[in-house]
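Everything on this sheet refers to the single structure shown next.
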Amino acid sequence: MRAEQFKPFHKFVVVIAGSTRGSSKWKKGPSMPKDKAVNPMAVSSNPSTNFQESIMETEPPVQYEDTSHTSSITCGESKLSHEKERVIAGLSEGVAKLGRETQKQLYDYNAQAEPKQGGGVSASKKGEILLQRDRTLLQDMTDSQINLPNNATLKTWKKIACEVNTQQENVNSPTSFECKPLMELDEPQPVKKRRMQIREVVMKDYSSYHKLLFDGDAIDAKEYPATGKAIGHGISTSFLDEIRQVTRDFFQQPMEEKNKIAKGVKDFEGYGADPVPEEGQSLDWSDRLFVNVYPEDTRKSKFWPESPAAFRDVLEEYTVKMKTFTEIVSKAMAKSLSLEENCFLNQFGERGLLKARFNYYSCCERPDLVLGLKPHADNSGYTIILQDDVEGLQVHKDGKWFTVPTISHALLVLMGDQMEIMTNGMFKSPVHRVLTNTERERISVAMFYHPEPKKEIGPEEGLVNQERPKLFKKVKGYAVTHWEYYQRGMRALHVAKV
Ligand SMILES: O=C(O)CCC(=O)C(=O)O
Ligand SMILES: [Fe+2]
């Protein structure tokens, strides 16, 4: 353990982003899984898709067997490389651009060709099925007769993609590979950049801490999502850089090294991308490592990287700092709402969880087609995000996406669904996503602060009155429900609504 102490009042900033506007624009979502088929194409991570519309078109999720493409690709015997996943993701995005009718035909066609996934199908078999599916889609779309050997290499994949997309003949190196759309889009929709307005405040002492952080202005601001406030978090810039560095170092290792801590089919923790359980859903263009960090007895050391060598120590130290940070911030939030300062901490419980997600977004040739991370709201109480200096994170407001600026010495605090419940909707959990870009890779570290899983949480009584009746029920195990919706690119919060 490193000796550096938490010094809360340094001149560093934290940005708080949370909506004060209702999520009434979102269609009140479906109730929990029913026996209904899911429209496989309804949840696309295409940046130009209006997320609101996607939600409205989306049918309730079904109880499902784990047919995760990710697990079948990154785990087990199939060993398809992440690079190949990316190519497939790019291709799938092309498919997503086809008209609904054509998509349906393609998927119907493939449904006949594919054995039922799930029970008993080995990882390598699933990998093969997926490869076959994408090959078939390519062929159907281009009418070209491409005969691929079963052991098609990554190079072959790239070559095909280029041939299909650009009629290029020779593609020998990955650098010349371009993930072009499979066909011209009807309406090209470049991603416009609107920046979030974030006010920064440098903290001087604890007495002003909570006022600056969550004063009435932040709560009542009309201009969601600009409810940014800055505070001193007392973590040195050099330490923040160290976290970024070990993160980069981890992801830049060979696949073989990273796969030593690969997640299994049923694991949340470990290295590997999020699953995409629905047919036709696109993979996020990112790599991730997910680990429980607090309390210590929730850690699974087999998922903590041994390489790079500094990783574990740095994460250990960051965890200690984050624990202190959550204690202070949770109190500040309570005070800002004129509540007893420990009320949220009591709801989180003494053994409130900290879970770390390390994200790596490699460059992508077509950021207008592929997202780094699909639109979602976090299931946490709140999430503390460390970004690097590459923009990519966007927050959704009034049908538009706003880019969150990067501030190298800042931590971004995003409200999660469970804080929206506890504050009876006073702090909103914003829908956010991550864009890809052509030139620079991006990393981020998200630290999710959750209530103890067995604890029931609900709106603070002090925030319920005649004018503001109870909006949410008491809930337990919200994270499990959230996960069912999240992985399909859907919101879950409606399940907690009164
Ligand atoms: O990469 C980012 O900035 C955000 C990541 C995020 O939203 C998440 O991991 O839930
Ligand atoms: Fe998130």
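Not measured: the values here are computed from a predicted model. Ligands are counted one by one from 1 in listed order, and the atoms in each one are counted from 1 as well.
For ligand 1, the atoms sitting less than 4.0 Å from at least one non-hydrogen atom of Val434 are 1 (O), 2 (C), 4 (C), numbered in the order shown with element in parentheses. Residue Phe448 has at least one heavy-atom neighbour below 4.0 Å for each of these atoms of ligand 1: 8 (C), 9 (O), 10 (O). Heavy-atom proximity to Ser444, at under 4.0 Å, picks out these atoms of ligand 1: 1 (O), 2 (C), 3 (O). Taking a cut-off of under 4.0 Å to the non-hydrogen atoms of Arg357, the atoms of ligand 1 that pass are 9 (O). For ligand 1 and Tyr361, the ligand atoms under 4.0 Å from any heavy atom of the residue are 1 (O), 2 (C), 5 (C). The ligand atoms of ligand 1 that sit less than 4.0 angstrom from a heavy atom of Asn359 are 1 (O), 5 (C), 9 (O). Counting atoms of ligand 1 from 1 in the listed order, those under 4.0 Å from a heavy atom of Arg442 are 1 (O), 2 (C), 3 (O). Interface of His432 with ligand 1, defined as ligand atoms under 4.0 Å from a residue heavy atom, comprises 7 (O).
Side chains of Gln347 and Glu460: a donor on one and an acceptor on the other come within 3.5 Å. Side-chain contact check for Ser444 and Tyr360: no donor-acceptor pair (N or O, by modelled atom type) lies under 3.5 Å. Tyr486 and Asn379 are not linked by any side-chain donor-acceptor pair at a separation below 3.5 angstrom, with hydrogens and angles left out of the test. Side-chain contact check for His482 and Asp378: no donor-acceptor pair (N or O, by modelled atom type) lies under 3.5 Å. Checked by atom type, the side-chain pair Gln245/Asp241 shows no donor-acceptor distance below 3.5 Å.
Residue Arg288 places every heavy atom at 4.0 Å or more from ligand 1. Residue-ligand proximity: Arg433 is placed with every non-hydrogen atom at 4.0 Å or more from ligand 1.
If you look at Tyr485 and His494, their ring centroids are closer than 6.0 Å. With ring centers used as reference points, Tyr449 lies under 6.0 Å from Phe348.
Under 4.0 Å from ligand 1, the heavy atoms of Asp378 that appear belong solely to its side chain. When non-hydrogen atoms are compared, ligand 1 lies under 4.0 Å from neither the backbone nor the side chain of Val404.
With the Fe ion (ligand 2) as the vertex, NE2 (His376) and NE2 (His432) define an angle of 90°, rounded to 10°.
Looking at Asp378, its N, O or S atom nearest to the Fe ion (ligand 2) turns out to be OD1.
The aromatic rings of Phe268 and Trp483 sit perpendicular to each other, their planes meeting at more than 60°, with 30° as the lower class boundary.
The protein heavy-atom contact nearest to atom 8 (C) of ligand 1 is Leu373 CD2, 3.7 Å. Of the protein's non-hydrogen atoms, the one nearest atom 10 (O) of ligand 1 is His376 NE2, 3.1 Å.
The existence of a salt bridge linking Arg442 and Asp389 is excluded, since no basic side-chain nitrogen approaches an acidic carboxylate oxygen closer than 4.0 Å.
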>> Between Val293 and Leu353, is the side chain to side chain contact (heavy atoms under 4.5 Å, CB included) condition met? List the steps.
In response: CA-CA 8 Å; Val293 295; Leu353 307 177; over 6 Å; no

